Amino acid sequence: YQISINENNVNIGKNEDWAYITLPADSVLAAITKQNIKLCPSVEIGDKLLVLGYPKIGAKTGLTVTDGIVSGIDKNYFITSAKIDKGNSGGATILVKDDCYLGIPSASAVGVIESLGRILKASFVIGS
């Protein structure tokens with residue numbers, strides 16, 4: 001299934017790691033995305049989360065899951081202690097306490113002691 005994308009329906013975030021694509025109205029696309037997504041009602045620092053994805057160094061044939069906590073909140077992002085590597089970005093993050101969709105793992109930066117990852121908030125993506 002293909003949808004035509006052009007420069008008029010792509011908005012790239014300035015100095016951020018995201019792009020927003022506006023898709024044309026389409027009955028097939030509407031059927032694919034019809035299911036309700038359970039967004040997280042409340043998120044607090046210290047909440048446990050799971051990052052799902054397919055990192056290059058992970059499993060050869062299946063999903064890899066890493067865990068961590070919400071370490072901080074920065075505008076449209078949650079900061080996490082969970083490991084995010086190439087392949088996890090673009091995956092999904094689940095908040096354990098409410099079994100809900102938290103957001104999209106997008107990046108990590110290695111620090112002196114540990115690495116901290118960034119998760120683009122689902123409410124920012126879906127609520128837009």
Side-chain angles (χ1 to χ4, degrees):
Y1 183 76
Q2 295 182 353
I3 296 175
S4 296
I5 303 293
N6 62 52
E7 62 190 40
N8 295 328
N9 54 358
V10 177
N11 180 12
I12 299 172
K14 294 180 182 178
N15 301 319
E16 295 189 49
D17 184 21
W18 62 268
Y20 188 82
I21 301 171
T22 304
L23 300 175
D26 180 280
S27 61
V28 175
L29 183 61
I32 293 170
T33 60
K34 196 171 188 173
Q35 295 182 2
N36 291 330
I37 297 173
K38 182 180 176 186
L39 298 179
C40 299
S42 66
V43 181
E44 297 182 24
I45 294 175
D47 286 348
K48 186 173 179 179
L49 57 83
L50 301 173
V51 174
L52 313 174
Y54 297 88
K56 209 173 203 179
I57 61 170
K60 299 275 186 211
T61 59
L63 183 69
T64 299
V65 179
T66 57
D67 67 337
I69 62 166
V70 175
S71 301
I73 300 172
D74 180 23
K75 296 181 185 174
N76 294 320
Y77 293 90
F78 295 107
I79 310 302
T80 181
S81 62
K83 300 295 181 196
I84 299 175
D85 290 308
K86 286 184 178 180
N88 285 106
S89 59
T93 304
I94 306 300
L95 191 68
V96 173
K97 73 176 183 179
D98 294 320
D99 189 25
C100 56
Y101 180 57
L102 185 64
I104 303 170
S106 62
S108 66
V110 178
V112 176
I113 300 171
E114 287 287 329
S115 64
L116 291 176
R118 295 175 70 78
I119 299 166
L120 184 58
K121 293 179 179 180
S123 58
F124 174 74
V125 177
I126 295 173
S128 299

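If you're wondering where the values come from, they're calculated on a predicted model, not measured in any experiment.
In this structure D99 satisfies the salt bridge (charged side-chain N to carboxylate O under 4.0 Å, His left out) test with no other residue, sequence neighbours excluded. By the side-chain contact (heavy atoms from CB on, under 4.5 Å) test, L50 is found to be paired with V65, D67, V96, residues two or more places apart in sequence or in another chain being considered. For K97, the salt bridge (charged side-chain N to carboxylate O under 4.0 Å, His left out) test picks out D47, with sequence neighbours left out.
Between Y77 and S106, some side-chain heavy-atom pair lies under the 4.5 Å cut-off. Residues I119 and L49 have side chains in contact (heavy-atom distance under 4.5 Å, counting atoms from C-beta outward). Between L52 and I94 there is a side-chain heavy-atom pair separated by less than 4.5 Å.
Closest non-hydrogen pair, V51 versus P105, comes out as CG1-CG, 3.6 Å. A pairwise comparison of heavy atoms in C40 and Y101 identifies SG-O, 3.4 Å as the closest pair. In terms of heavy atoms, S81 sits closest to G68 at OG-CA, 3.5 Å.
For the atom pair CD of E44 and CG of L95, the computed distance is 10.0 Å after rounding to the nearest 0.5 Å. With values rounded to the nearest 0.5 angstrom, I45 atom CD1 is found 5.5 Å from I73 atom CD1.
When atom types are taken as modelled, the side chain of T80 and the backbone of V70 share no donor-acceptor pair closer than 3.5 angstrom.
Annotation: cation-pi geometry satisfied between K121 and F78 (NZ/CZ under 6.0 angstrom from ring centroid, within 45° of ring axis).
Note on I84 and I69: separate hydrophobic clusters, where clusters join Ile, Leu, Val, Met, Phe, Trp and Tyr whose side-chain heavy atoms are under 4.5 Å apart, directly or indirectly.
With respect to R118 and D74, a salt bridge is recorded, a charged nitrogen being found less than 4.0 Å from a carboxylate O.
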